[in-house]
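Labels below follow one simple rule: chain letters A, B, ... track the order of the sequence lines, proteins then strands, and each chain is numbered from 1. Just so it is clear, the structure is predicted and the values come from calculations on it, not from any experiment.
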Number of protein chains: 2
Amino acid sequence: MTTASARRPGRPRPGTLTREAILAAALALVDEQGIEALSMRKLAARLQVDPMSIYHHVPNKAALVSGLVQAVFAEMAPLPDGSGPWQERVRGWARAYRDLALAHPHLVLQIVTDAAAASEAAIQISEPLYAALAAAGLPPHPVIHAAGTLVDFVHGYALGASAAAAAAPMSDHLAAMDPALVPTMHRVHAEAEPGGGFEAGLDIIIRGITR
Amino acid sequence: MTTASARRPGRPRPGTLTREAILAAALALVDEQGIEALSMRKLAARLQVDPMSIYHHVPNKAALVSGLVQAVFAEMAPLPDGSGPWQERVRGWARAYRDLALAHPHLVLQIVTDAAAASEAAIQISEPLYAALAAAGLPPHPVIHAAGTLVDFVHGYALGASAAAAAAPMSDHLAAMDPALVPTMHRVHAEAEPGGGFEAGLDIIIRGITR
DNA sequence: GGGTCGAGTCTACGGCGTAGGGTTTAAATC
DNA sequence: GATTTAAACCCTACGCCGTAGACTCGACCC
């Protein structure tokens, strides 16, 4: 709301601190040190400002994090839209959404949670997906179900990818386990080392949509 | 490790406090008041114990939460296993896993995160899924991809379901938005009010696996 | 009885989010 | 130019938090 250059009665210093600067600093801090390192005090230190000053631009910490997520959503690359077969449009959308989520690995949880709660920014993001599915000639109900499935898949994938980046890969855990407990997994993973899980998932879901 | 009735050197009071009691109290606290209400002090109060006493059974708070998640994983209903067509086994597994995740709504995030990080408990849970897919005659690579897709979908779904339970449903947000921004979604949701997203997603993915 | 050990307790530290109340400032009005 | 005004900013302080470190005390072993 508070634009940087208002024309109202009193103004102390000419906007040395703005909501945008705060969000940018917070995003940088999170990208560098993770979400748990984000505190009002550290953020203020980075901005060379008293911690309480931040509260004149953001009502509380939760709103700040939410603002961070909204900012990330706003970065979603505008899709080429409308061209090509619907399968390719859906694929392109899914990749763009995944890239968006993984662009800030320390923020994936917040992004996915916010999207799962269906914030307005998150809803806007999925419009092209709905458009592509509707253009494929699907009736309303199947469109909703197909879109929901895809979104849920991307959320789950992004969560897994960011978790895998921060911890040991599943193969390690699996190798350390008693093969008798997980015989099929042991055998299957011994015979094939995967990768490409995202594209394979897209293939499966798009095939399943087509019937 | 520390069983309730050990026969070891020194014991002040006869096991008034055990790891199990701590986990049970913590789980109750979380189920009642949410994960953010879980603090060592509140937990201690509930157990009528000094906060620091807890640290004799759990190294720190992160381990406590992790223990909570492991305990929930241990509750996974043992599947009927091995009987029926593979589609039904996969369906049954997915439903059981979803129910597990949603059994403690305030813990869904940590459950899904833990599973995404492929903890041993989480790996064990997915063995029946792998078994069903392998029994379907799928080669190793497709088994891994199909399982990954399904797990990611369930994770995304569970996250969405728990978020939707705590916030306004998407329809409300959508109705409050400018229809020009999200024309397809607006139209599609006007023509069909869904539900059954989980089963529809399963249908899509299982169809997609089958080719 | 003396020694050991471990569960339970107490105290205290450094960090957190943020309420409440000044203080400073520059634009707006006179 | 003087006065008014209200936003931006800063300071202090409160009540939480996780947990390190030292102490108490009762049970067991020798």
Donor-acceptor pair, [X] side chain versus [Y] backbone, under 3.5 Å?
X: B:T18; Y: B:A21; value: yes
X: B:H189; Y: B:M185; value: yes
X: A:H104; Y: A:V72; value: no
X: A:W93; Y: A:I125; value: yes

For the pair made of [atom1] in [X] and [atom2] in [N], what is the distance, rounded to whole Å?
X: B:H56; N: D:dT24; atom1: NE2; atom2: P; result: 15 Å
X: B:M40; N: C:dG8; atom1: CE; atom2: C1'; result: 14 Å
X: B:L47; N: C:dA7; atom1: CG; atom2: P; result: 16 Å
X: A:K61; N: C:dC16; atom1: NZ; atom2: P; result: 9 Å
X: A:L38; N: C:dT18; atom1: CG; atom2: C1'; result: 15 Å
X: B:E36; N: D:dC17; atom1: CD; atom2: P; result: 12 Å
X: B:M52; N: C:dT11; atom1: CE; atom2: P; result: 13 Å
X: B:R19; N: C:dG8; atom1: CZ; atom2: C1'; result: 18 Å

Exercise: do A:Y130 and B:H186 side chains pair donor with acceptor under 3.5 Å: no

Measure from the side-chain heavy atoms of [X] and tell me the nearest of [options].
X: B:D50; options: D:dC11, C:dC10, D:dT19; result: C:dC10
X: A:Y55; options: C:dG8, D:dG18, C:dG17; result: C:dG17
X: A:K42; options: C:dC16, D:dC9, C:dG17; result: C:dC16
X: A:S39; options: C:dT9, C:dG17, C:dG20; result: C:dG17

Donor-acceptor pair under 3.5 Å: do we get one between A:R41's side chain and the base of C:dG15? no

Want to settle it: does A:A37 or A:P59 sit nearer the 5' end of DNA chain C, counting the closest nucleotide to each? A:A37

Can you see if the side chain of A:H57 gets near the phosphate of D:dA7 - specifically, an N or O under 4.0 Å from OP1 or OP2? no

